[in-house]
There are 2 protein chains.
Amino acid sequence: MRPHLRAVTDAEGLRRSTSGTEGLRRANTGAVLRALRELGPSTRSELAAHTGLAKATVGAIVADLEAARAVAEEGSRPGVRGRPGRPVALRGDRFVSLGLELNVDYVSAVVLDLAGGVVSSTSRSGGTSDDLRDLARSALDEHVGPDCTLVGTTLAVPGLVRGDNRTVAWAPNLRVEWGELADALGSLVPDQQVEVSNDANCAAYAESHHGAARGTSHALYVTGTVGIGAGIVQDGELVRGGAGFAGEVGHMTVGDSSALCGCGRRGCWEAAIGLHAMLAAVGMPELDTPLLTAESVAERARTDADVRAGLERVGRDVGLGIAVLSTVLDPQVVVMGGYFAPLGDLVLDPARRTLDERLVSTAQVRPELRTSTLGIEAAALGAAEQSFGPVLAGEIDLPA
Amino acid sequence: MRPHLRAVTDAEGLRRSTSGTEGLRRANTGAVLRALRELGPSTRSELAAHTGLAKATVGAIVADLEAARAVAEEGSRPGVRGRPGRPVALRGDRFVSLGLELNVDYVSAVVLDLAGGVVSSTSRSGGTSDDLRDLARSALDEHVGPDCTLVGTTLAVPGLVRGDNRTVAWAPNLRVEWGELADALGSLVPDQQVEVSNDANCAAYAESHHGAARGTSHALYVTGTVGIGAGIVQDGELVRGGAGFAGEVGHMTVGDSSALCGCGRRGCWEAAIGLHAMLAAVGMPELDTPLLTAESVAERARTDADVRAGLERVGRDVGLGIAVLSTVLDPQVVVMGGYFAPLGDLVLDPARRTLDERLVSTAQVRPELRTSTLGIEAAALGAAEQSFGPVLAGEIDLPA
DNA sequence: TGACATTAGTTCGAGACTCATACTTAATAG
DNA sequence: CTATTAAGTATGAGTCTCGAACTAATGTCA
């Protein structure tokens, strides 16, 4: 009865030894890769200064990376006094990762390169294993050439994913035969494990690396569709919780609303700010997708004061929940995704006011509320980024 | 106007380089120390098996530790076939750390040794810099011999501590002249930095290393006195938040209670389950300290059904808040400290029932609710443990 | 125009470390 | 008393980082 998703081959050939000198080189290589991502094209001297490594060490590491064709030299930057540096840049055509999302009524695939560039980002409606496999297959076929190595694949799903990053504990909205899915993914990337991750966590990761929370180390991502989910980034890392279930904020009790939730309880945040609650507040019908629905609401709000008042009410409840989360987690930035993105300040302004009222002390700064700009492929993008995580952290080598 | 607490000398002579081979040795030494803490006295072979290091490497590291007198050999354990192993154990008389707590009406000091043993644990009433310095001075004088090195000192305070672990942003309950305090601590441990940390964070750290959450990696600690505070441990590390203010749960909005909080707002968790709210619920007066008060309430509850009913009401609100926190953070264990400890199941049983009602899904397991057993010195103990953190993590060397 | 200053990057040797292998040591089993 | 078993130690190879010396490439200024 437990859904179990695992790619066929359990090669696990990647050495993860951290104790020897090769682990040291791996860690330092990770530092160089991170520096290149952060700084962009840089000379060896700049890398040495930024990482704290000796120039000779950086030279050796860059030479290795160049041999692996992970980086390439760019034209020099003259102008200043002294010998001009020869910047090296991460190459986008040699290593990529694949991020997938399987949701209720759509599937997404993102191909991300080592430099952090989005090679391809596609979605289509549908929610079966076959839909996912087809989309992924064509993404790989079109954008992963013969000299391009797939570093890893991560799948985002709306549900509770266990701490092993492999198996799904609970995904009530997905009607998927897990064995079938495992087969589909196994045939897609033979000889590789597919990691699984929660969709909100993936989106949070994407926002903190590529989106509205870029550059901050502590971010909170809240997504709103029919349900409400959150992803927590602390110190650049996802907070997953003891069993991998952290961030399931939809059913936390917030405010004095006694609205009945789909889960049968009362007072859930979702019952106050979920898509259906929002639509009830503005008196409008649901359209094809949450995003389309929200866009039509935003459109109507321009002329209809009643709609604005309804969004104001929703916004206050949004602020109430974010106040609770901010008090607990102290994020620097809160990114609002899902249907909140099209509504923007219509919801966020009242939320900000509520937040100001509810924050603890004069010393605490209100976190910045921003809307997501990554669109529907946010989760798949974050999933792809997660596959690069261990490489950039210096925990595993780039594949041969 | 900003309270600023900093020990005088900024030696910072500790090398933290992680890139070279000596950083490697430091990391591996940390692994051996952690293994010794976890396993207790162990032979070199056992340490090699547990850490994954080669026997020769462990031999070299143990020899170094022995030379530094951080470990000592114990009598051999005969009985099995083959050459008997010679277990080494962490010594308790060579390296210690000092944990301090400065609270509104008491100060505490804990001396902790490298093996994790509590050398000394004392408290006294009072809340001035002088009280703290005197207590700390006598703890050091009595328990830190001439051949014993103080690895570090950490101070726990009830307030918001900035992310630098040095300065206090907001501590409304403390009436302390920060310059005076810095002077007092500077004279106490010249040539050393004193780290500062939030008291609930410290207590959470203590619970996860020595107390009711020992052995788990994801714990939540909630303390109740007049105010309510929390400390969050994820993956063995404290969650501090973007500015260092995570865990300030007292003023999160929970439940439908419209009780007025001391902060001027309504619906704060503290207004529902803080000491004063609890006393109002049971109709009893406040005694000298929260703990004494709670003990007298527990005593009365044995015979008085009205008191039990009042605690039941409080317990439900406790459960409501913990449900919110568990939904967000997914801890394995929730430890209840402060006035909750003496009341135990009188409060926790209704809390558990509420928790069962409010948890998200069938897949999610209810976290275990336990009472703290560490007593009033919990925060000071956790503070002391934090000073050992970087050593056990292999980030810094033991002092010479 | 040419010596000089300046900065980038490489070479090289020293030093530190881990590791596998072979060896020594110390116990039990029969 | 010998064989067996397991713990711990020496040894040498291999990898890595680092600082210093060195080479390289450019602008500056007399």
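Below, read A as the first sequence line, B as the second, and so on, with proteins coming before strands; counting in each chain starts at 1.
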In terms of side-chain heavy atoms of A:Leu53, which of D:dT28, D:dC18, C:dG9 is nearest?
-> D:dC18
Side-chain N or O of B:Ser76 less than 4.0 angstrom from OP1 or OP2 on C:dA26?
-> no
Looking only at N and O atoms, is any donor in the side chain of B:Arg83 or the base of D:dA7 less than 3.5 Å from an acceptor on the other one?
-> yes
Rounded to the Å, how far apart are B:Asp397 CG and C:dA16 C1'?
-> 13 Å
To the nearest angstrom, how far is A:Arg25 atom CZ from C:dC19 atom P?
-> 17 Å
Do B:Leu185 and B:Thr153 come close enough that some side-chain heavy atom pair is under 4.5 Å?
-> no
Nearest of D:dT17, D:dC18, C:dT10 to any side-chain atom of A:Asn28?
-> D:dT17
Nearest to the side chain of A:Thr43 - C:dG9, D:dT26, C:dA16?
-> C:dG9
Counting side-chain heavy atoms from CB outward, which of D:dA7, C:dA5, D:dG14 is closest to A:Thr21?
-> D:dG14
Whole-Å distance separating the CD atom of B:Glu22 from the P atom of C:dA14 | 19 Å
Rounded to the nearest 0.5 Å, what's the gap from CD on A:Glu237 to OH on A:Tyr205? Could you check?
-> 5.5 Å
To the nearest 0.5 Å, atom CD of A:Gln193 lies from atom OG of A:Ser387 at 11.5 Å
Considering all heavy atoms of both residues, which atom of A:Ser217 and which atom of A:Gln332 are nearest to each other, and what is their separation?
-> N-OE1, 3.2 Å
From the options D:dT9, C:dG9, D:dT17, select the nucleotide whose nearest atom is closest to the side chain of A:Ile61.
-> D:dT17
Rounded to whole angstrom units, what separation is found between the CZ atom of A:Arg81 and the C1' atom of D:dA24?
-> 16 Å
Hey, which of these two, B:Arg44 or A:Gly52, hits DNA chain D nearer its 5' end, going by closest nucleotide?
-> B:Arg44
d(CG, A:Leu47; P, C:dT10) in whole Å = 12 Å
Rounded to the Å, how far apart are A:Arg26 CZ and D:dT17 P?
-> 12 Å
Could you tell me the separation between the CD atom of B:Glu73 and the P atom of D:dT9, rounded to a whole number of Å?
-> 8 Å
Mind checking B:Val80 for me? I need base, sugar-phosphate or nothing, with any heavy atom below 4.0 Å counting as a touch.
-> sugar-phosphate
If each of A:Gly82 and A:Ser45 is mapped to the nucleotide of DNA chain C with the nearest heavy atom, which maps nearer the 5' terminus, i.e. the 5' end?
-> A:Gly82
A:Thr57 side chain: which of D:dC16, C:dC19, D:dT17 is closest?
-> D:dT17
Just compare D:dG19, C:dT10, C:dT28 and give me whichever is closest to any side-chain atom of A:Ala54.
-> D:dG19
With the side chain defined as heavy atoms from C-beta on, A:Leu24 is closest, among D:dA25, D:dT17, D:dG27, to D:dT17
Considering all heavy atoms, the nearest B:Ile232-B:Ala204 contact = N-CB, 4.4 Å
